[in-house]
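Each ligand, and each atom within it, is numbered from 1 in the order the structure gives. The chain is numbered in sequence order, starting from 1.
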Amino acid sequence: MVSRIIPVECFDLVIFGGTGDLARRKILPGLFRRFLGGQMPENARIIGAARSNLDDAEYRDMVAGAITEFGGAEAKDTECLSRFLKQLHYVQVDARGTDGWADLAGLMKPDVIRAFYFSVGPGLFGDLAERLHLHKIADAQSRIVVEKPFGRDLETARALNETLALHFDEQQIYRIDHYLGKETVQNLMAVRFGNVLFEPLWNNHYVDHIQITVAETVGVGGRGGYYDKSGAMRDMVQNHLMQLLCLIAMEPPSMFEADAVRDEKLKVIRALQPVDYHQIVRGQYNATDKTQNYRDDAENPRSHTESFVALKCHINNWRWAGVPFYMRTGKRLKARNSEISVVFKDLGHSIFEGDEARHRNILTIRLQPNEGIDLQVTIKEPGPGGMRLVDVPLDMTFADALGPDADGGSDAYERLIMDVIRGNQTLFMRGDEVEAAWSWTDPIINGWQERNDVPKEYDTGSSGPEDSLMLLHRDGRRWHEIKA
Ligand code: NAD
């Protein structure tokens, strides 16, 4: 039985940075899809707020252009688009000054949910929080949505948490990690905690190891300046990969509720063993074709920033003692492929004579492409010739199993924004989680700096540096192939 969609109440959503790249590519097209899905009440409003001098009509034109460019097939519904645009407004504000704040205050409706999306650089988060309060635009029911990066180390993340806490309670702060809005990531929890089958096996008695791969084919071109100060560890591992690790490894929460889930995730991060630097491989993409060199993309010919990281870590608790977790992420790899594989242990004893092959059950959760889940099982190879065994996947590609519109064609951002309006923080990071994640990654990054570590080069279109393959080979294991 399918449960019903939870409706949202009327809201005013202010997008600071409403003319920026993220708003144009993700937030506004996503909100249009929610409008098409009947999830945006008629009197709900979206208010763009940014530095550009625009009126409502000019902003609506800009948004129409963005939706046409990034909105996919749905954008062709021009009649719906023009109805959606009527719910949009624009205010010119200066996050650091006084301009525009009285206009914004005057525009807000009383008695509706107020949400403020900080889609601006992190240097402005504190200014926005302060001014929302100063001008009495935010009330106790208001919510703020904060984009990544949430700090660049423990110290800056802590300072940011303290600044936001001056004006907002933790229950009002939604730190967004769009990975948690992905259908498959949520399905990971549904599979683990909605079936009797997996949880009894989800421990060091049955699991040999776990792999998490987030591979991208794109480079850093276009955001080279930003990325070069960040690198894969800060940009991907500290947030997205660690969130995936938490969901895979956490204990069952007592209920699917924000703090119950986040308490369990936090315990995982706190139980992470510090990683020895021999267990980490850093890489930087390189190719004879100059356009594909990291250093050219980053515009720093001597950059030592990593565009790839692979590491092995352990979680110090009863459930996972002795089970390695291997994580890797990188840019300009051979395919865009994100997945988590839970590799179960070998059978203790095979009853099938002549079957020397190693048969393993592997549960793979595919985040992209072809979102879905498959379970590798061993069966008899069909036909005569005796009892020969073969491994085949029990495949549940969501689009095949539930139809192409199984999730209404929605994207992670729009699902998470609707959760903000509903007041559901389950899929958002809590301040202490973010700080704990930095506490674990900081020593790794600091160690690289102290040793003046130089990343290993890897070929564009490869699976990363050779050393990352060795990380598993040394343990008698191998990575799942990165394939589209
Ligand atoms: P952007 O540079 O394209 O847009 C910045 C926006 O902020 C513009 O609308 C600009 O008018 C507004 N702005 C800048 N200074 C301002 C000021 N003083 N007062 C009021 N408004 C001001 O940036 P972006 O790519 O849209 O990124 C926004 C945030 O989202 C950043 O924190 C970024 O790290 C994060 N983010 C972006 C992406 C992405 O794909 N673009 C992905 C993840 C996270």
Distance filter under 4.0 Å to Pro149 heavy atoms, resulting ligand 1 atoms: 34 (O)

Protein residue, atom and distance nearest to atom 28 (C) of ligand 1, heavy-atom basis: Ser119 O, 3.3 Å

Ring-face cation of Lys148 near Phe150 (centre distance under 6.0 Å, axis angle within 45°): no

Under-4.0 Å protein heavy-atom contact, atom 2 (O) of ligand 1: no

Check against side-chain contact (heavy atoms from CB on, under 4.5 Å), Phe118 and Glu147: CA-CA 6 Å; Phe118 291 6; Glu147 259 300 334; 6.0 Å; no

Criterion salt bridge (charged side-chain N to carboxylate O under 4.0 Å, His left out) on Glu264 and Lys267, from CA distance to verdict: CA-CA 5 Å; Glu264 296 306 335; Lys267 285 184 206 162; 3.2 Å; yes

Ligand 1 to Gly20 polar contact by distance, N or O atoms, under 3.5 Å: yes

Step-by-step side-chain hydrogen bond (donor to acceptor under 3.5 Å, both in side chains) determination, Thr184 to Asn187: CA-CA 5 Å; Thr184 336; Asn187 240 308; over 6 Å; no

Lys26, portion touching ligand 1 at heavy-atom distance under 4.0 Å: neither

Distance from atom 6 (C) of ligand 1 to nearest protein heavy atom, with residue and atom: Gly17 CA, 3.5 Å

Tyr285 six-ring face occupied by Arg332 cation (under 6.0 Å, within 45°): yes

Within-cut-off N or O pair, Asp94 and ligand 1, under 3.5 Å: yes

Qualifying residue, where the test is side-chain contact (heavy atoms from CB on, under 4.5 Å) with Leu241 and the options are Ile340, Leu311, Thr329: Thr329

Contact check, side chains of Phe16 and Val93, non-hydrogen atoms, under 4.5 Å: yes

Option of least heavy-atom distance to atom 15 (N) of ligand 1 (set: Arg51, His178, Gln92): Arg51

Heteroatom distance test (Arg25, ligand 1): nitrogen or oxygen, under 3.5 angstrom: yes

Nearest candidate to atom 33 (C) of ligand 1, where distance is taken over non-hydrogen atoms, out of Glu147, Arg223, Lys148: Lys148

Structural part of Leu124 in contact with ligand 1, heavy atom criterion under 4.0 angstrom: side chain

Parallel, tilted or perpendicular: rings of His133 and His167 (30°, 60°): tilted

Shortest heavy-atom approach to atom 9 (O) of ligand 1 - which of Ile27, Thr19, Val91: Thr19

Nearest neighbour in protein (non-hydrogen) for atom 19 (N) of ligand 1: Ala95 N, 2.8 Å

Reference residue Gln368; test side-chain hydrogen bond (donor to acceptor under 3.5 Å, both in side chains); the match among Arg336, Glu216, Glu339: Arg336

Between Tyr458 and Phe308, ring centroids under 6.0 Å: yes

Short N or O distance, Asp21 and ligand 1, threshold 3.5 Å exclusive: yes

Sub-4.0 Å atoms of ligand 1 with respect to non-hydrogen atoms of Gly121: 32 (O)

Per-atom contacts, ligand 1 versus Val93 - under 4.0 Å to a heavy atom: 19 (N), 20 (C)

Aromatic ring pairing Tyr413/His178, orientation class (parallel under 30°, perpendicular over 60°, tilted between): parallel

Option of least heavy-atom distance to atom 37 (C) of ligand 1 (set: Ile176, Leu22, Val120): Leu22

Interfacing atoms of ligand 1 (cut-off 4.0 Å, heavy-atom, Pro122): 32 (O)

